[in-house]
Amino acid sequence: MSDEKKIPYKIYLDESEMPTQWYNVRADMKKKPEPLLNPGTGKPCTAEELSHVFCDELVAQELNETDPYIDIPQEIQDFYKMFRPSPLIRAYYLEKKLGTPAKIYYKFEGNNTSGSHKLNSAIAQAYYAKKQGLKGVTTETGAGQWGTALSMACSYFDLDCKVYMVKCSYEQKPFRREVIRTYGGQITPSPSNTTEVGRKILAEFPDSTGSLGCAISEAVEDATTHEGYRYVLGSVLSQVLLHQSVIGLETKAALDKYGIKPDMIIGCAGGGSNLGGLISPFMGEKLRGEADYQIIAVEPASCPSFTRGKYAYDFCDTGKVCPLQKMYTLGSGFIPSANHAGGLRYHGMSAVLSELYDQGLMEARSVEQTAVFEAAQEFARVEGILPAPESSHAIRVAIDEALKCKETGEEKTIVFGLTGTGYFDMYAYAAYNDGTMKDYIPTDEEIAASLAKLPQVNG
Ligand SMILES: *Cc1c(COP(=O)(O)O)cnc(C)c1O
């Protein structure tokens, strides 16, 4: 007890203790993720092919499976200092409310205008685009956090930022839209008739309210048909996990500062970038046989890529213009039920996390959205922060695990990622508060029908 008292409510690092290199967990994986494939040839994508879509330096990072550490350029380190290091917070009040002997910590990434961890990668991607002398970048955004983060990063480096925003979010989240426009981002609701892919999707499904996979296709087409533009993606890719490793590196440094060893690390998983970043240095220790941790990915029951998907090559986008990636997927045509309000609606998953999960190095759980919002509310009322619905998936499982400790009397140390704030998700909170929020779990038949359309790939 007396030892514990010495641990502050918030553990901050000094600027001088911030990471100066990102950690690339693939370097420590004996069996690496499968390569991205060119859908035309079925062969691994070359750097040359990828460079038509992505910035050169980011292609190099995407394909780098050997360097464990990659320097963070000074300009990015300087930008990080505006909102980092982020605090690692001991959830004393939540522990007390739950009456658990578990010790709960959360790494809070919501303390910047984008309201999420996404700025960590946005600034890196904008930096490399600028360095290459590009005019601008294109991207998709679902709930809007990535679009916001990227527009912030692009305005900092004076780059054009074209955002394809999933139509239902565009309509439901007018304030997100205005934040993006305030930072100079240009927004198009997707599917749109400004791209060939968008027109094709609209012809087939005129009432489509859009999906991430579809917005990705439009953004890629825009980038590859305009001189001086490249496409950037806010999750899923290995380069994004690399940038997000700053979350895990800071978390580990803060824990080490107080000699704390976590038993369990929990994060929500949409495309896998925050979770991949949070766990990277811990997974590295696990892969090198230096330590062991229980690692849990939490996903929505309405979009259960890990827990009910298939580990197979699939398209990263609905329009099938992106490379094929081997990942846990529900099929690129999978669109979660319209009443799903909790984010994390991507059909696939990071290739790195998929491979680690397949090797049994991490677990996954799916949770229903009413249970997620219940956890969000419980957390908000004692810890003060109004969490993003996405982040609240991790809160749900952290609370469940802490309650298990209450039964067994185990004093486990639980660390979870609190990826952001939920101020732009108040319609979802309203549905929960009004009692009109419903859970929807796709049937086996629905998932099977979607998986039946996976591309045929040898090997
Ligand atoms: C985008 C987002 C996520 C999910 O994305 P990952 O790539 O899986 O990390 C989680 N939380 C918040 C707040 C987000 O904005």
Side-chain angles (χ1 to χ4, degrees), residues 83 86 106-122 125 139-152 163 165-166 169 173 176 179-180 212 215-216 232-248 265-280 295-300 303-306 316 327-328 336 340-354 356-357 362 364 366-367 372 376 379 385-397 416-425 428:
F83 65 106
S86 72
Y106 56 94
K107 179 73 167 163
F108 180 48
E109 290 292 319
N111 203 8
N112 67 76
T113 297
S114 81
S116 80
H117 63 284
K118 294 208 170 65
L119 194 54
N120 299 331
S121 183
Q125 299 197 41
T139 199
E140 78 298 332
T141 197
Q145 288 96 319
W146 170 245
T148 311
L150 189 68
S151 64
M152 290 171 73
V163 181
M165 186 165 186
V166 177
S169 294
K173 298 194 173 186
R176 264 284 171 219
V179 178
I180 296 174
L212 264 185
I216 294 174
V232 295
L233 180 58
S235 181
V236 187
L237 295 173
S238 303
Q239 57 186 273
V240 183
L241 261 72
L242 176 74
H243 306 146
Q244 296 297 354
S245 70
V246 67
I247 304 172
I265 303 165
I266 301 167
C268 63
S273 74
N274 87 83
L275 177 66
L278 173 67
I279 68 171
S280 275
I295 294 172
I296 308 175
V298 191
E299 58 185 15
C303 192
S305 329
F306 269 136
C316 295
M327 59 183 169
Y328 277 86
H340 170 71
L344 310 174
R345 44 172 58 245
Y346 186 61
H347 67 273
M349 189 52 68
S350 142
V352 176
L353 291 188
S354 293
L356 291 167
Y357 179 68
M362 52 183 279
S366 72
V367 289
V372 166
F379 178 86
I385 297 168
L386 183 92
E390 292 89 345
S391 324
S392 305
H393 288 72
I395 301 177
R396 174 72 272 159
V397 170
F416 74 87
L418 189 72
T419 49
T421 47
Y423 307 124
F424 292 106
D425 298 286

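Read the numbers this way: they start at 1 and go in the same order the structure lists the ligands and their atoms. It should be emphasised that the depicted structure is a prediction, and the values quoted were computed from it without experimental measurement.
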*Quick one: do R345 and V166 satisfy side chain to side chain contact (heavy atoms under 4.5 Å, CB included)? Show the steps, please.*
CA-CA 11 Å; R345 44 172 58 245; V166 177; 5.9 Å; no

_F416: which residues meet the ring pair (Phe, Tyr, Trp, His ring centres under 6.0 Å) condition with it, sequence neighbours left out?_
Y106

*Could you tell me whether a side-chain N or O of T421 sits under 3.5 Å from a main-chain N or O of Y423, the two making a donor and an acceptor?*
no

*If you take all heavy atoms of V372 and S392, which pair is closest and at what distance?*
CG1-CB, 3.6 Å

*Please report the closest heavy-atom contact between S273 and L241, naming both atoms and the distance.*
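Looking at all heavy atoms of both residues, the shortest contact is CA-CD1, 3.7 Å.
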
*Are the side chains of W146 and T141 in touch, meaning some heavy atoms are under 4.5 Å apart?*
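Yes, at least one pair of side-chain atoms sits under 4.5 Å.
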
Tabulating one pair per line, provide the atom names and distances (0.1 Å) for every N/O atom of ligand 1 that is less than 3.5 Å from a protein N/O atom.
from, atom 1, to, atom 2, distance (Å)
ligand 1, 7 (O), S235, OG, 2.4
ligand 1, 7 (O), S273, N, 2.9
ligand 1, 7 (O), S273, OG, 2.7
ligand 1, 8 (O), G270, N, 2.7
ligand 1, 8 (O), G271, N, 3.0
ligand 1, 8 (O), G272, N, 2.9
ligand 1, 9 (O), H117, NE2, 3.2
ligand 1, 9 (O), S273, OG, 3.3
ligand 1, 9 (O), N274, N, 2.8
ligand 1, 9 (O), N274, ND2, 2.7
ligand 1, 11 (N), T419, OG1, 2.7
ligand 1, 15 (O), K118, NZ, 2.5
ligand 1, 15 (O), Q145, NE2, 3.3

